[in-house]
Amino acid sequence: MYRYLERRLVEHLREFLRRTYGLESANIVVEQPPKIEFGEYALPLAFELARKLRKAPRKIAEEIVAGVGAIPGFEKFEVAGGGYINVRVNRAELAAALAADEEPAADVPTGKVLVEHSSINPNKAAHIGHLRNAILGDTFVRLLRFAGREVDVQNYIDNTGAQVADVVVGFLHIEQKSRAQIEALAAAPRFDYYCWDLYARVSHWYEEDKSNLQARLATLHAIEGGNNETAAIADLISTAVLKHHLETMDRLDIEYDFLPRESEILHLHFWDAAFTKLKEAGVLTYEDEGKNQGCWVMRRAGTVAEPLTRGDTAEKITEEKITEEDQKVIVRSNGTVGYVGKDIAYHMWKFGLLGRDFGYRKFYRYPNAHDCWISTTEGEKDHPHFGDVAEIYNVIDARQSEAQNTVIEALRGLGHGEAADRYTHFSYEMVALTPRCAAELGYQLSEEDKARPWIEVSGRKGFGVKADDLLDALITSAAKEVDGRHPELSAAERAGIAVQIAIGALRYFMLKFTKPSVIAFDFKDALSFEGDTGPYAQYAVVRASNIFRKGGLDPESFCRDAANLVSKEEFAKYLTGESGNDIWELWLTAAKTSYIVGQCIATTEPAYLAKHAFQLAQLFSTFYHRYPILSEADEGRRTFLLATAAVVRRELIRVLAAMGIDVPPVM
RNA sequence: GGGCCCGUAGCUCAAGCGGAUAGAGCAUCGGAUUUCUAAUCCGAGGGUUGCAGGUUCGAUUCCUGCCGGGCCUACCA
């Protein structure tokens with residue numbers, strides 16, 4: 001509702017400015033006043049117009065307030081300070097609309113959205129860095145769906161890369177295992193943990209003797225070639241680890257629709273199709289001299305050709321040689337293609353620009369019967385249509401922004417500027433460990449490391465916190481609390497609640513930081529259930545539910561009837577004026593959910609949603625404390641307070657659901 | 001060397017295309033309801049927003065230069 005009213009306000013003002021001052025495209029900034037007493041919207045408009053109109057801001061503000069006229073849903077306009085215009089809505093009308101759950105539809109862009117996230121190398125267990133990626137990605141998917149978009153979720157699987165090769169090397173060269181032995185291990189529990197340790201050992205083995213790296217190269221070639229024993233072993237390992245990743249993420253209620261694999265990008269010759277087009281378009285150039293002799297290279301994203309002389313034309317510049325430093329090798333001199341090249345082909349496919357498609361088969365069925373598909377060379381006849389989408393978001397950490405930009409520039413160079421514009425690298429910073437946390441985990445730290453603000457997680461070194469371990473620790477910690485608080489519940493009930501709390505804590509923790517902030521992970525912070533945490537927000541909902549349970553009422557049906565149970569006159573009575581301010585702030589915040597969701601999508605920043613959930617929970621907790629509802633003697637007022645609790649409960653449940661957080665029945 | 005990001009309270013973080021008195025959580029200290037469960041609430045202390053300039057009616061936000069930190073900059077992925 002809040003967003004809808006803002007749009008109406010802006011449209012009305014734009015019309016007014018055109019009519020009164022002849023201003024066509026004034027930039028109308030709408031802010032939120034610092035205090036609820038000032039109103040619901042604030043306009044610094046008069047400051048902006050002061051120069052254009054050559055008048056004092058205060059004077060302009062007064063003219064606007066006097067002349068703007070009535071707008072449905074709004075109460076009045078006031079001039080404040082040196083020229084602010086504060087706008088008040090009709091509180092009763094907004095509250096009644098929110099109680100009735102009226103949310104006027106916004107314009108939903110057409111076309112399917114593709115979100116790619118997780119994309120964990122299938123050679124070891126997932127760690128906390130992967131959790132941040134998956135939780136950000138999954139939440140963004142939920143936000144898009146909340147806003148009415150159709151979304152496909154993809155998880156790219158690099159099953160033929162060096163990392164998988166390394167683990168294959170570990171099994172074959174270090175452990176000397178047979179295929180049958182590896183198969184048996186892969187079928188055993190925690191195979192991903194086994195690979196985690198083995199991967200670290202392989203890295204160590206390479207360091208011991210550089211000649212060992214030849215085993216990696218030979219293995220990599222065998223895997224890429226396919227149709228041999230080594231490739232078959234790599235496939236069985238990566239497939240087994242992948243299943244563990246899907247199970248780990250499913251614990252957090254994260255699901256995928258399709259798993260495109262690098263092996264199919266290779267075997268279905270996606271690259272060949274892309275290579276032809278890239279050469280034709282002149283995006284790739286062949287180097288016949290210098291350090292990259294024999295390679296096909298592209299200009300590195302973000303670099304610009306230096307004009308040889310003043311007045312060079314654009315054409316001349318594009319024909320110019322790219323300096324070695326600005327060259328990005330796409331095809332090596334031995335004819336093999338690097339990962340950026342494969343990525344370009346893959347992204348052409350995403351936008352339906354490649355002219356080729358994957359084969360598809362069902363791979364994994366979630367407990368809720370949702371199917372996750374995987375790429376194959378020859379697939380099932382009937383399958384959903386993937387790819388060929390209108391917009392894409394790639395949830396990939398900031399370290400890969402240059403590679404992402406190279407892919408975008410390749411699309412642009414191919415003449416697909418509109419696709420490049422709808423390609424978003426959803427970039428975020430990594431999760432690292434605090435030195436204290438690293439020490440707790442038993443890692444030896446140098447004096448230099450101890451002084452660092454954080455230490456980077458490294459799968460190669462086996463250095464990090466595994467996703468399942470963290471989740472287990474959270475569940476254990478939550479279970480201890482639940483067991484102490486609710487001995488009357490069955491063990492199964494208590495365990496279920498502990499899981500919900502653990503997931504709430506984890507997902508909230510990963511979402512509360514803004515994307516550019518490195519998370520310096522520490523168990524103390526991550527295991528906290530108090531204050532600015534997921535469980536705090538869950539607890540607010542539980543308390544709201546408790547009011548209804550104690551009162552013998554059903555919160556859902558009460559919520560559906562809220563608009564009928566409280567008249568507009570009563571809303572006005574309880575929400576107007578100074579005395580109504582604190583409860584009004586709660587209603588107003590509850591009305592902002594779709595506004596916040598819109599902001600999150602526009603800025604690709606889910607942290608705003610976490611902030612919103614916390615604010616709403618915090619306001620509710622204060623309200624809960626200040627107003628005993630069931631003991632309220634005044635019948636009308638009691639109903640109004642119940643309606644407040646019911647509506648806030650509904651909105652908070654929705655917000656938490658958008659973050660992938662469930663609310664336990666009791667806490 | 002070049003590119004990107006960061007620097008805000010003791011600690012961890014916010015601050016909506018530049019706006020009103022820079023806000024939370026944790027920690028510390030002091031309080032609260034035999035009431036809808038205290039995973040809660042109220043209060044206190046705590047800030048030259050890294051430094052120096054600039055633009056502006058107005059700068060944590062934009063620009064420039066320094067200082068400090070991180071990441072990227074492979075014929076690895």
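Throughout, protein chains are lettered first and strands after them, A, B, ... in sequence-line order, and every chain is numbered starting at 1. Just so it is clear, the model here is predicted, and its values are computed rather than measured.
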What nucleotide, of [options], holds the atom closest to the side chain of [X]?
X: M667(A); options: rA39(B), rC75(B), rC36(B); value: rA39(B)
X: R51(A); options: rC72(B), rU37(B), rC57(B); value: rC57(B)
X: A42(A); options: rU40(B), rC36(B), rA20(B); value: rA20(B)
X: E481(A); options: rG16(B), rA39(B), rC75(B); value: rA39(B)
X: K291(A); options: rC75(B), rG16(B), rC76(B); value: rC75(B)
X: I596(A); options: rA15(B), rC26(B), rG16(B); value: rG16(B)
X: Y539(A); options: rA39(B), rU21(B), rA77(B); value: rA39(B)
X: E530(A); options: rA14(B), rU40(B), rG16(B); value: rU40(B)
X: K550(A); options: rC75(B), rC36(B), rU40(B); value: rC36(B)
X: V329(A); options: rC71(B), rU37(B), rC75(B); value: rC75(B)

Between [M] and [N], how far apart are the [atom1] atoms? Round to whole Å, please.
N: rG43(B); M: rG25(B); atom1: P; result: 10 Å
N: rA27(B); M: rU40(B); atom1: P; result: 10 Å
N: rU8(B); M: rU12(B); atom1: P; result: 8 Å
N: rU49(B); M: rA14(B); atom1: C1'; result: 13 Å
N: rC29(B); M: rG69(B); atom1: C1'; result: 34 Å
N: rG50(B); M: rA22(B); atom1: P; result: 15 Å
N: rG46(B); M: rA52(B); atom1: C1'; result: 27 Å
N: rG1(B); M: rA15(B); atom1: C1'; result: 36 Å

Would you tell me if any nitrogen or oxygen in the side chain of [X] comes within less than 4.0 Å of OP1 or OP2 on [N]?
X: R300(A); N: rA74(B); answer: yes
X: N546(A); N: rU37(B); answer: yes
X: Q404(A); N: rC72(B); answer: no
X: R485(A); N: rA39(B); answer: yes
X: T622(A); N: rC42(B); answer: yes
X: R332(A); N: rC76(B); answer: yes

Please determine, for [N], whether a Watson-Crick or G-U wobble partner exists with both distances under 3.5 Å, and give it or none.
N: rA74(B); result: none
N: rC41(B); result: rG31(B)
N: rA22(B); result: none
N: rC66(B); result: rG50(B)
N: rU61(B); result: none

Mind checking if [X] touches a base, just sugar-phosphate, or nothing, with heavy atoms under 4.0 Å?
X: L213(A); answer: nothing
X: Y536(A); answer: sugar-phosphate
X: Q615(A); answer: nothing
X: V542(A); answer: nothing
X: Q293(A); answer: base
X: V482(A); answer: base
X: T533(A); answer: nothing
X: R549(A); answer: nothing
X: N86(A); answer: base

>> Assess, by modelled atom type and distance only, whether the side chains of D343(A) and Y156(A) contain a donor and an acceptor separated by less than 3.5 Å.
In response: no
In whole angstroms, how far is the [atom2] atom of [N] from the [atom1] atom of [X]?
X: I60(A); N: rC57(B); atom1: CD1; atom2: P; value: 14 Å
X: I223(A); N: rC76(B); atom1: CD1; atom2: P; value: 16 Å
X: D483(A); N: rA39(B); atom1: CG; atom2: P; value: 15 Å
X: E262(A); N: rC76(B); atom1: CD; atom2: C1'; value: 12 Å
X: R399(A); N: rC72(B); atom1: CZ; atom2: P; value: 6 Å
X: Y428(A); N: rC13(B); atom1: OH; atom2: P; value: 17 Å
X: L45(A); N: rC57(B); atom1: CG; atom2: P; value: 17 Å
X: M298(A); N: rA74(B); atom1: CE; atom2: P; value: 15 Å

> After noting the C-alpha distance and the side-chain angles of E116(A) and S119(A), does the key distance pass the side chain to side chain donor-acceptor pair (under 3.5 Å) rule?
Replying inline: CA-CA 8 Å; E116(A) 177 190 328; S119(A) 305; 3.2 Å; yes
>> Using the rule given for ring pair (Phe, Tyr, Trp, His ring centres under 6.0 Å), can you reason through F275(A) versus W296(A), listing the C-alpha separation, both sets of side-chain angles and the distance that settles it, and then say yes or no?
In response: CA-CA 10 Å; F275(A) 195 21; W296(A) 286 88; 5.5 Å; yes
> In terms of ring plane angle, is the pair F521(A) and F509(A) parallel, tilted or perpendicular, where the classes change at 30° and 60°?
Replying inline: perpendicular
Is it true that a side-chain atom of [X] and a backbone atom of [Y] form a donor plus acceptor pair closer than 3.5 Å?
X: N212(A); Y: W205(A); result: yes
X: E605(A); Y: K515(A); result: yes
X: Q327(A); Y: I322(A); result: yes
X: S517(A); Y: F513(A); result: no
X: N123(A); Y: Q163(A); result: yes

> What are the two closest non-hydrogen atoms of G129(A) and Y428(A), and how far apart are they?
Replying inline: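 Shortest heavy-atom separation between G129(A) and Y428(A) comes out as O-OH, 4.2 Å.
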> Nearest nucleotide by nearest heavy atom, which residue falls closer to the 5' end of RNA chain B, Y627(A) or Y41(A)?
Replying inline: Y41(A)
>> Nearest heavy atom decides the nucleotide; on that basis, is G290(A) or V30(A) closer to the 5' end of RNA chain B?
In response: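 Per heavy-atom nearest nucleotide, the more 5' residue is V30(A).
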>> What I want to check is whether an N or O donor and acceptor connect the side chain of K35(A) with the base of rU21(B) at under 3.5 Å.
In response: yes
>> Once hydrogens and angles are ignored, does a donor-acceptor distance under 3.5 Å link the base of rA74(B) to the side chain of N292(A)?
In response: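 Per atom types, no contact qualifies.
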